[in-house]
Each structure stands twice: as structure tokens, then as C-alpha cells.
Asks: 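Structure incoming, see below.
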Amino acid sequence: MKASSEMTLSDKDGGGAGAIARLLLRWYDDHARSLPWRIAPGSGESPDPYRVWLSEIMLQQTTVAAVAPYFAEFTRRWPTVADLAAAPDEDVLAAWAGLGYYARARNLIACAREVVAAGGVFPDTEEGLRALPGVGAYTAAAIAAIAFGRRAVVVDANVERVVSRLFAIRTPLPASKPEIRTATDAITPEDRAGDFAQAMMDLGARVCTVREPACLICPIANHCDAREQGIAAILPAKTPKKPRPERTGTAFWIERGEGDAREVLLVSRPAKGMLAGMRALPSDGWSARGDGDGVPPVNAHWQVLEASVTHGFTHFTLTMQLMAARHDGGDVPEGEWWPVARIGDAGLPTLFARAAAGALACWPDGDD
DNA sequence: TAAGCGTGGCG
DNA sequence: TCGCCAAGCTT
């Protein structure tokens with residue numbers, strides 16, 4: 001890469017790397033976003049590692065806007081890591097419903113319990129943090145820097161974009177990751193590494209955006225190689241993604257009772273794979289690999305509903321048909337009867353929440 | 001190493 | 001509308 005040779009820490013002379021950090025920190029002092037999990041720069045308050053950790057897990061591949069209400073609810077219900085560790089699994093999973101990437105919720109529980117078992121204090125080093133469930137290279141570095149003030153090289157998708165442009169790295173992602181990390185290391189200051197990391201992320205979110213970067217208001221535009229070369233908007237390059245297959249499947253609405261006593265059968269998804277461990281409607285075995293078989297789980301007088309749900313996952317698109325039946329007293333799949341009036345509290349992931357809404361809209365009273 | 005793993009917003 | 005993208009981790 002070119003960046004490292006150019007940057008070889010002319011840090012002390014006030015040029016290059018050191019200048020970028022100083023400009024960015026000065027910009028951050030005036031322009032930091034106000035976020036629920038963030039301590040304002042210069043406030044003197046010390047961040048709560050629990051809140052930093054919780055926010056970082058929630059923010060993995062997830063937007064600030066989506067996280068905000070979940071962060072508020074989690075910290076209201078479970079103000080400390082000990083509170084979270086003591087919560088029943090199903091409560092935490094249900095509270096996470098809708099946020100996506102449900103392995104994060106299972107790792108969140110495991111991590112909280114590990115921390116409590118170790119005395120209730122988060123590790124304060126990158127290495128110690130990295131060993132926790134759900135904490136990878138990025139998250140460990142971010143917590144070490146933000147919660148504990150340690151110098152750490154924090155590289156997320158924002159930083160990848162900013163650094164790719166700053167040093168005009170033309171190698172496509174993900175092949176360019178090592179080069180980007182080295183370049184980020186070279187511009188990361190010893191002091192205020194947490195603020196620096198957050199400044200880079202704020203810059204990426206508000207200025208050095210994916211489309212139409214706002215170079216005119218960028219505090220480090222004068223240091224940006226891509227801007228000088230007129231290629232900022234087309235960096236970083238990315239290797240093409242594989243096409244998403246389309247799959248079909250069926251979900252089954254099995255109902256019993258009348259009026260206020262109406263109940264629907266919910267199952268728990270297997271511990272591994274899609275939507276692992278989450279409550280769901282029974283379905284027919286659809287997966288990323290193949291279509292469902294359309295075979296209902298029990299014999300009954302099934303009715304095919306008009307509604308269907310199309311849902312895009314990361315790696316495939318699913319169109320799910322809906323079938324409904326009254327429970328006639330025969331065998332049912334293992335599950336729990338859930339009051340239809342409280343279906344919104346079941347903690348269904350979005351796919352099944354939409355399926356349930358579709359079933360209720362098409363089959364409002366269940367008796368025909 | 002590359003694939004598996006959610007969801008909602010945006011242009 | 002629809003493909004791209006977001007404070008990635010795990011296996």
C-alpha cells in the first residue's frame with residue numbers, strides 16, 4: 001500500500017497523520033452527534049462500559065435510528081449488566097425482536113453472564129474484551145477506546161470508507177481490509193482514541209457518506225487523496241455480491257378458542273440457523289437452501305389465506321404463503337398457545353409478525 | 001475463507 | 001421499485 005510509506009509517522013512534525021487526528025478531534029468537539037449512549041466530548045463524565053458495550057452490540061450492522069428505541073428500552077428494564085444477566089432468556093430475546101441478527105441477543109445474554117460471573121466488571125483491554133461472546137475485533141477496539149480510553153485501532157464500515165478515500169485505496173473491499181487497518185493505525189492518536197474513533201464514524205455518517213460525499217464541509221478534505229484525484233464518490237470499490245436466491249414457504253396459523261379466549265400456536269425455532277431461538281408460527285421447512293414442502297404440521301381443515309408475505313433476508317428472499325385452521329383437538333406440534341389479543345407481545349421476528357398480521361387480516365374471527 | 005445471519009431506510 | 005447499505009460476528 002502507499003499509505004503507510006507516506007504516513008510513516010511524521011506524527012511529531014505536525015504534518016500528515018497527526019494533523020488529521022487534530023483536525024478531526026477539533027471538528028468532533030463542535031459537531032459530535034448527540035446520541036443516547038454517548039458522553040459529550042469535554043463533558044468530563046466517564047462512560048458506563050455496560051452502556052457502551054450494549055450500544056456497540058446493537059449497532060452492529062444496524063442503523064442509529066433503529067437502535068435508539070431498543071437501547072432506551074433495554075437500559076430502562078435492565079440498567080446494569082447484573083440486571084441483564086439475571087433476566088430470563090426469553091424476555092431478552094423478545095425485547096430484541098425486530099432488531100435482527102438474533103445471534104447477537106443470545107451472545108448478549110451469554111456475555112452479560114460471563115461478565116457477572118467474573119465479578120461484574122467488563123475487561124478493560126482489547127484482548128480481554130475480544131474473548132467475550134459476540135465481541136469481535138471492531139467491538140473490542142471500540143469499547144476499549146470509548147469506555148476505557150485506551151488507544152485502539154477502530155475500523156468499522158465508516159472508517160473503511162473514510163480511510164479508503166483519504167488514501168485513495170483502489171483495491172476493492174474486502175481485500176483492502178489489511179491495508180485499511182494499517183492506514184487507520186497510522187492516523188490514530190495516542191490520546192482521545194475513543195473520541196477519534198467516534199469522530200471517524202460521525203464523519204462517515206454525516207460527511208464522508210456513501211453517496212455524494214460532502215467534501216466541501218469536510219474538516220480533512222485538504223488531506224484527502226481521493227478528493228484530489230476526483231474519485232471520492234466511487235471509493236471504496238467493492239467486489240460484486242452473489243445474487244440472492246428466491247425461496248418459497250408456508251406458515252401455519254393454528255387457532256383455538258373463541259372471543260377473548262382465542263389462542264394461536266407458537267413454536268420456538270431451533271437453536272441454530274435462521275431466527276434461531278425465536279418464537280414463530282409453525283412453518284414448512286423453508287430455508288436459504290431450499291423451498292418449504294408446503295405440508296401442514298397437523299391434519300385439519302386447512303384454508304389457504306389470500307395473504308402472503310415477501311421478506312428479504314441478507315442472503316435470500318422468501319415468499320411465504322399462509323394457511324390457517326381451527327385446532328380440532330388432535331395432535332399439535334410442540335409449542336405454546338398464545339393469546340391472539342397479545343400477539344404483539346410474543347416477540348416475533350419481523351417476518352412472523354407480518355405473517356401474523358396477514359393471517360389476522362384475512363381470517364379475522366377464525367370461524368367460518 | 002467465505003458463507004450464514006435481519007431489518008428498515010434510502011435514492 | 002429495488003439494489004445497496006448500516007458502529008460485524010461466528011463458524
Side-chain angles (χ1 to χ4, degrees), chain A residues 33 35-38 51-71 93 96-108 110-111 129-147 152 154-162 173-175 177-178 181 184 194 196-206 208-212 233 236-247 269-278 280 287-289 309-318 347-354:
Chain A
R33 285 181 291 177
L35 301 172
W37 44 85
R38 178 178 283 181
R51 293 167 62 90
V52 173
W53 162 74
L54 180 61
S55 68
E56 289 300 341
I57 301 299
M58 288 184 165
L59 286 161
Q60 289 168 3
Q61 297 287 282
T62 309
T63 59
V64 165
V67 164
Y70 286 85
F71 181 81
L93 290 178
W96 195 277
L99 199 54
Y101 285 136
Y102 298 98
R104 292 184 296 173
R106 300 191 302 278
N107 286 330
L108 191 80
C111 182
L129 290 160
R130 180 67 182 78
L132 295 170
V135 177
Y138 160 76
T139 304
I143 298 173
I146 297 169
V154 180
V155 184
D156 75 327
N158 287 298
V159 174
E160 285 176 351
R161 183 170 58 255
V162 170
L173 284 166
K177 280 175 181 284
R181 196 200 185 274
T184 307
F196 177 78
Q198 294 178 94
M200 289 284 279
M201 293 190 273
D202 277 19
L203 190 78
R206 307 250 290 235
C208 195
T209 50
V210 176
R211 285 180 288 268
E212 300 184 47
K238 301 196 176 183
T239 52
K241 296 182 168 70
K242 296 177 66 174
R244 297 195 302 182
E246 297 190 5
R247 304 295 185 203
R269 308 243 334 144
K272 296 191 173 189
M274 297 282 312
L275 310 173
M278 300 297 288
S287 74
R289 295 164 170 269
V309 174
T310 297
H311 191 76
F313 293 100
T314 305
H315 49 306
F316 69 105
T317 299
L318 176 69
L348 296 175
T350 298
L351 166 67
F352 287 105
R354 301 211 316 227

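Residue numbers begin at 1 in each chain, while the letters A, B, ... track the order of the sequences.
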Asks: Please report, rounded to the nearest Å, how far the C1' atom of B:dC5 is from the CG atom of A:Leu99.
Replies: 13 Å
Asks: Under 4.0 Å between any heavy atoms, over every strand shown, what does A:Val135 touch: base, sugar-phosphate, or nothing? Just pick one.
Replies: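 A:Val135: backbone/sugar contact only, no base atoms under 4.0 Å.
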Asks: Could you tell me whether the phosphate oxygens of B:dT7, OP1 or OP2, come under 4.0 Å of any side-chain nitrogen or oxygen in A:His311?
Replies: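 Answer is yes, contact under 4.0 Å.
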Asks: It should be established whether A:Thr350 places a side-chain nitrogen or oxygen under 4.0 Å from OP1 or OP2 of nucleotide B:dG8.
Replies: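 For B:dG8, OP1 or OP2 has a side-chain N or O of A:Thr350 closer than 4.0 Å.
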Asks: Starting at the 5' end of DNA chain B, which residue's closest nucleotide do you reach first, A:Gly273 or A:Arg211?
Replies: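 Between the two, 5'-proximity favours A:Gly273.
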Asks: Please determine, by modelled atom types, if A:Gln60 and A:Tyr138 share a side-chain donor-acceptor pair under 3.5 angstrom.
Replies: no
Asks: DNA chain C: A:Arg38 or A:Pro133, which has the more 5' nearest nucleotide?
Replies: A:Arg38
Asks: What is the distance, rounded to the nearest whole Å, between atom OH of A:Tyr101 and atom P of C:dC5?
Replies: 13 Å
Asks: Quick check on C:dG8: is either OP1 or OP2 less than 4.0 Å from any side-chain nitrogen or oxygen of A:Thr62?
Replies: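 The answer is no; no side-chain N or O of A:Thr62 sits under 4.0 Å from OP1 or OP2.
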Asks: Using only atom types and a distance under 3.5 Å, with no angle test, would you say the side chain of A:Arg247 pairs donor to acceptor with the backbone of A:Thr317?
Replies: no
Asks: Please determine if a side-chain N or O atom of A:Lys241 lies less than 4.0 Å away from the OP1 or OP2 oxygen of C:dC5.
Replies: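 It does, given that an N or O in the side chain of A:Lys241 lies less than 4.0 Å from OP1 or OP2 of C:dC5.
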Asks: What is the distance, rounded to the nearest whole Å, between atom CD of A:Gln61 and atom P of C:dG8?
Replies: 5 Å
Asks: In whole Å, what is the span from the CG atom of A:Asp156 to the C1' atom of C:dC5?
Replies: 13 Å
Asks: NA contact type, A:Ala197, heavy-atom cut-off 4.0 Å: base, sugar-phosphate, or nothing?
Replies: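 Contact class for A:Ala197: none.
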Asks: Taking the minimum atom-to-atom distance to the side chain of A:Met274, which one of C:dC5, C:dA7, B:dG6 wins?
Replies: B:dG6
Asks: Just to be sure I understand the rule, does A:Trp53 reach a base, reach only the sugar-phosphate, or reach nothing, if contact means heavy atoms closer than 4.0 Å?
Replies: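 The residue A:Trp53 makes no contact with any strand.
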Asks: If we take the C1' atom in both B:dG8 and C:dT10, what is their distance in whole Å?
Replies: 24 Å
Asks: OP1, OP2 of C:dG8 versus side-chain N and O of A:Gln60: anything below 4.0 Å?
Replies: no
Asks: Write down the distance separating the P atoms in B:dG4 and C:dA7, rounded off to the nearest Å.
Replies: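 One P to the other, the span is 24 Å.
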Asks: Quick one: does any side-chain atom of A:Arg244 pair with a main-chain N or O of A:Gly312 as donor and acceptor, under 3.5 Å?
Replies: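 Checked: no pair found.
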Asks: Under 4.0 Å, counting only non-hydrogen atoms across every strand here, what does A:Ile146 touch: a base, just sugar-phosphate, or nothing?
Replies: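 No contact.
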Asks: On a heavy-atom basis, which atom in A:Ala97 and which in A:Tyr70 lie closest, and how many Å separate them?
Replies: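 Minimum heavy-atom separation between A:Ala97 and A:Tyr70: O-OH, 2.7 Å.
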Asks: Would you classify A:Ile57 as touching base, sugar-phosphate or nothing, given that sugar-phosphate means primed atoms plus P, OP1 and OP2, and contacts are heavy atoms under 4.0 Å?
Replies: nothing
Asks: Please classify the nucleic acid contact of A:Arg289 as base, sugar-phosphate, or nothing, using heavy-atom distances under 4.0 Å.
Replies: nothing
Asks: Whole angstroms only, please: what is the CZ-C1' distance between A:Arg106 and C:dT11?
Replies: 13 Å
Asks: Provide, to the nearest angstrom, the distance between the CZ atom belonging to A:Arg244 and the P atom belonging to B:dT7.
Replies: 12 Å
Asks: For A:Ala103, answer base if it contacts any base atom (sugar-phosphate contacts may also be present), sugar-phosphate if it contacts only those atoms, and nothing otherwise; contact means non-hydrogen atoms under 4.0 Å.
Replies: nothing
Asks: Taking side chain as C-beta onward, heavy atoms only, is A:Leu54 less than 4.5 Å from A:Leu108?
Replies: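 A:Leu54 vs A:Leu108: side chains touch.
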Asks: Strictly distance-based, threshold 3.5 Å: is any side-chain N or O of A:Arg104 a donor or acceptor partner for the main-chain N or O of A:Met58?
Replies: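 Yes, A:Arg104 side chain to A:Met58 backbone: donor-acceptor pair under 3.5 Å.
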Asks: Side chain of A:Ala288: nearest nucleotide among C:dA7, B:dG6, B:dC5?
Replies: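 Ranking C:dA7, B:dG6, B:dC5 by closest atom to the A:Ala288 side chain puts B:dC5 first.
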Asks: Tell me what A:Ser55 touches on the nucleic acid: a base, only sugar-phosphate, or nothing, going by heavy atoms under 4.0 Å.
Replies: nothing
Asks: Do you know which two heavy atoms are closest between A:Ala66 and A:Leu99, and how far apart they sit?
Replies: O-CD1, 3.9 Å
Asks: Taking 4.0 Å as the cut-off, does a side-chain nitrogen or oxygen of A:Tyr102 come that near to OP1 or OP2 on B:dT7?
Replies: yes
Asks: Has A:His315 got a side-chain N or O lying under 4.0 Å from the OP1 or OP2 atom of B:dG4?
Replies: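 Result: no.
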Asks: In terms of side-chain heavy atoms of A:Thr139, which of C:dA6, C:dG8, B:dT7 is nearest?
Replies: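 For the A:Thr139 side chain, the nearest candidate turns out to be C:dG8.
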Asks: Side-chain N or O of A:Arg33 less than 4.0 angstrom from OP1 or OP2 on C:dA7?
Replies: no
Asks: Nearest heavy-atom pair of A:Cys111 and A:Pro133: which atoms, and what distance?
Replies: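 Closest heavy-atom pair between A:Cys111 and A:Pro133: CB-O, 3.7 Å.
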Asks: CG of A:Leu318 versus P of B:dC5: gap in Å, rounded?
Replies: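 Taking CG of A:Leu318 and P of B:dC5, I get 12 Å after rounding.
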Asks: Which nucleotide wins on minimum distance to the side chain of A:Thr314, given the candidates B:dG6, C:dT10, C:dG8?
Replies: B:dG6
Asks: Expressed as a whole number of Å, how far does the P atom of B:dA3 sit from that of C:dC4?
Replies: 16 Å
Asks: Between C:dC9 and B:dG9, how far is it from one C1' atom to the other, in whole Å?
Replies: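 Those two atoms are separated by 23 Å.
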Asks: Check whether any side-chain nitrogen or oxygen of A:Lys242 sits under 4.0 Å from OP1 or OP2 of B:dA3, and answer yes or no.
Replies: yes
Asks: Between A:Pro174 and A:Gly312, just flag the one whose closest nucleotide in DNA chain B comes earlier from the 5' side.
Replies: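 Of the two residues, A:Pro174 wins.
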Asks: For B:dT1 and C:dG8, measure between their C1' atoms and round to the nearest Å.
Replies: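 These two C1' atoms come out 16 Å apart once rounded.
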Asks: Which whole-number value in Å describes the distance from A:Phe313 CZ to B:dG8 P?
Replies: 11 Å
